[in-house]
Amino acid sequence: MDSQTQNTSLQRLQNVEKRIVRVLELAGGVMDELSNPTGPRKEFVNNHCREFMQMIKDIQVALREEIKSACDYRPFEKCDYSSRIANEICCKKLDYVVTQLDEMKQTIDDYHSAL
């Protein structure tokens, strides 16, 4: 991932952060309005709730796109951890198969010696 891509990614994440702050402001505004002694103004609450929901959707889309683009960049591509674990699992499976085959051989030998 080059420096230019990192900068634009950071800028997009900063914009998401600003949207999250706005979402919190909207939620706070609705809470203030609901606690108003004269009662909440319906239009005010509706507008804030509509904007809140739209911003939540926008945040989700932006974060999904950032996650997807981050998956394209694999900083640990030289890491062999997953390969080593997969190999260890295969070795354990092979050990189990060998054990089962040994037991089957023993059962067959026992059967033949009983005849």
Side-chain angles (χ1 to χ4, degrees):
M1 182 179 272
D2 63 359
S3 177
Q4 180 75 21
T5 306
Q6 285 179 328
N7 285 338
T8 56
S9 179
L10 288 174
Q11 290 168 346
R12 288 189 299 265
L13 288 173
Q14 286 174 338
N15 288 334
V16 169
E17 183 180 15
K18 289 175 185 174
R19 289 186 211 159
I20 291 171
V21 169
R22 177 64 183 145
V23 161
L24 294 172
E25 290 171 349
L26 289 168
V30 169
M31 294 301 292
D32 286 344
E33 189 63 28
L34 291 174
S35 66
N36 190 347
T38 61
R41 295 171 288 179
K42 184 177 180 179
E43 191 63 30
F44 179 88
V45 172
N46 285 341
N47 288 339
H48 274 60
C49 287
R50 195 173 304 111
E51 186 178 353
F52 176 90
M53 292 306 294
Q54 185 58 51
M55 291 199 80
I56 290 292
K57 289 177 187 175
D58 294 344
I59 289 168
Q60 286 176 333
V61 168
L63 289 176
R64 277 192 201 113
E65 289 172 1
E66 284 306 308
I67 290 169
K68 184 179 175 188
S69 70
C71 289
D72 293 338
Y73 170 66
R74 293 175 179 78
F76 304 110
E77 63 188 11
K78 294 185 184 192
C79 178
D80 66 343
Y81 176 77
S82 60
S83 317
R84 284 188 298 116
I85 294 301
N87 287 339
E88 286 181 33
I89 291 170
C90 287
C91 286
K92 296 290 183 190
K93 288 179 180 179
L94 286 173
D95 287 341
Y96 179 74
V97 168
V98 167
T99 302
Q100 294 298 312
L101 289 172
D102 287 342
E103 289 175 9
M104 288 172 65
K105 183 181 181 306
Q106 184 63 42
T107 302
I108 291 170
D109 291 344
D110 291 347
Y111 176 77
H112 287 299
S113 66
L115 293 176

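In this text, all values refer to a predicted model and were calculated from it rather than measured experimentally.
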[X] and [Y]: which non-hydrogen atoms are nearest, and at how many Å?
{"X": "Met55", "Y": "Arg22", "answer": "SD-CG, 3.4 Å"}
{"X": "Val23", "Y": "Phe52", "answer": "CG1-CE1, 3.1 Å"}
{"X": "Gly39", "Y": "Glu33", "answer": "O-OE2, 4.0 Å"}

> Can you tell me if Asn47 and Glu51 form a side-chain donor-acceptor pair at under 3.5 Å?
Replying inline: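 No donor-acceptor contact under 3.5 Å links the two side chains.
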>> Quick one about Gln106 and Asp102 (side-chain donor to acceptor, distance below 3.5 Å, no hydrogens or angles considered), yes or no?
In response: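 There is no such pair (donor and acceptor under 3.5 Å, judged by atom type) between the side chains of Asp102 and Gln106.
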If you group Ile, Leu, Val, Met, Phe, Trp and Tyr by side-chain heavy-atom gaps below 4.5 Å, do [X] and [Y] land in one group?
{"X": "Leu94", "Y": "Ile89", "value": "no"}
{"X": "Ile20", "Y": "Leu13", "value": "yes"}
{"X": "Phe44", "Y": "Leu24", "value": "no"}
{"X": "Met31", "Y": "Val45", "value": "no"}
{"X": "Leu26", "Y": "Val16", "value": "yes"}

>> Go through it in stages, so that I can follow the logic: the residues are Lys93 and Val97, the test is side chain to side chain contact (heavy atoms under 4.5 Å, CB included), and I'd like the CA-CA distance, side-chain angles, deciding distance and then a yes or no.
In response: CA-CA 6 Å; Lys93 288 179 180 179; Val97 168; 5.5 Å; no
From [X] atom [atom1] to [Y] atom [atom2], the distance as rounded to the nearest 0.5 Å:
{"X": "Leu115", "Y": "Asp110", "atom1": "CG", "atom2": "CG", "answer": "11.0 Å"}
{"X": "Leu10", "Y": "Glu66", "atom1": "CG", "atom2": "CD", "answer": "8.5 Å"}
{"X": "Ile108", "Y": "Glu103", "atom1": "CD1", "atom2": "CD", "answer": "12.0 Å"}
{"X": "Ser9", "Y": "Gln14", "atom1": "OG", "atom2": "CD", "answer": "10.0 Å"}
{"X": "Lys68", "Y": "Glu65", "atom1": "NZ", "atom2": "CD", "answer": "8.5 Å"}

